[in-house]
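Whatever order the structure lists ligands and atoms in, that order sets their numbers, starting from 1.
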Amino acid sequence: MESKNIPLIGDKFPKMEVNTTHGKMSLPGDFKGKWFILFSHPGDFTPVCTTEFYSFQKRYPQFREMNTELIGLSMDQVHSHLKWTEWIEENLKVKIEFPIIADTGAVSGALGLIHPGSGTNTVRAVFIVDPKGTVRAILYYPAELGRNFDEFVRMIKAFQVADEKHVAMPADWPNNELFGDDVILPPASTEKVAAERRGKEGCLDWWLCHLPLEK
Ligand code: BEZ
C-alpha cells in the first residue's frame with residue numbers, strides 16, 4: 001500500500017477528482033466554505049455498513065444545519081452503490097441523499113484507507129475537513145465495529161464552537177464529569193496571562209481554567 005504523504009491533522013485535504021453516485025466531484029473544492037465528513041466503509045451489501053448508512057442518513061439534516069456535508073467511499077462500483085442504496089430505501093425506508101465515491105484504489109491510497117493487516121477492503125475511516133479544506137480529525141475503526149454517529153455530530157459542534165470562541169472542549173463535552181458544559185481556556189501563553197489566571201474564578205490553576213460558553 002502507498003502510505004506516504006497521507007494527509008494528517010492540520011494538513012490541507014489533497015485535491016482529487018472522484019467518481020460518485022452524484023457524478024464527478026472535485027475534492028475539497030466542491031465543499032468549499034462547508035465542513036465535510038468523508039467516510040469509508042469496507043463494502044456495499046454488508047450488514048454493519050448498512051446500519052452505518054442508515055444512521056448517517058438519519059443525521060444528514062442535522063449535519064446540513066451545521067453547514068456540513070457527507071460523502072461516503074468504498075472500492076465498489078457506482079452501480080453497486082446504487083443497487084445497495086436502492087435496497088436500503090426499499091427495505092429500511094431511508095433514502096441515502098449524500099454522494100458515495102466509487103474508488104478504484106487511487107483515493108484509498110492517497111488517504112491511507114487500506115490497512116494491510118486488516119485485509120484488502122477499505123477500513124472504516126472518517127476524515128473531518130473544515131471550510132478551508134484543512135483536515136481537522138481522522139478516525140479509524142475496524143470492520144467489526146460500527147461507528148457512533150452522535151460522536152461525529154458532537155465533533156462538528158465542538159469544532160465550530162472552538163473556532164468561533166477560541167476555546168477547547170473538555171472530555172465528553174458538553175457532559176463533562178468535572179465542568180458540565182463549560183469550555184476550557186487555551187493554555188496561558190505569557191507570564192502575565194498565567195499570573196492573571198491564578199486565583200481567578202473557574203481556574204483550578206493558571207493552566208486549567210474553565211468557563212461557561214456565554215462569558
Ligand atoms: C459489515 O459491514 O458487516 C462488515 C464489513 C466487512 C467485514 C465485516 C463486516
Item to complete: Considering heavy atoms of the protein only, find what lies nearest to atom 4 (C) of ligand 1 and give residue, atom and distance to 0.1 Å.
Response: Arg124 NH2, 3.6 Å
Worksheet item: Tell me: protein heavy atom nearest atom 1 (C) of ligand 1, and distance?
Response: Val48 N, 3.3 Å
Item to complete: Would you kindly say whether Thr50 and Trp87 are connected by a side-chain donor-acceptor distance under 3.5 Å?
Response: no
Worksheet entry | Geometric cation-pi criterion Arg136 and Phe159, 6.0 Å radius, 45° cone | yes
Discussion item. Heavy-atom distances under 4.0 Å decide this one: backbone, side chain, both or neither, for Pro47 against ligand 1?
Written reply: both
Worksheet item: Above 12 or not: heavy atoms from other molecules or residues under 6.0 Å from CD of Glu196?
Response: yes
Discussion item. I'd like to check whether Ala143 has a polar contact with ligand 1, where a contact means an N/O of the residue lying under 3.5 Å from an N/O of the ligand.
Written reply: no
Worksheet item: If we only count N/O pairs under 3.5 Å, is Pro42 in contact with ligand 1?
Response: no
Worksheet item: Going by the angle between their ring planes, with limits at 30° and 60°, are Phe179 and His210 parallel, tilted or perpendicular?
Response: parallel
Worksheet item: Cys49 heavy atoms, cut-off 4.0 Å: which ligand 1 atoms fall inside?
Response: 1 (C), 2 (O)
Discussion item. With heavy-atom distances below 4.5 Å as the criterion, would you say the side chains of Arg124 and Cys49 are in contact?
Written reply: yes
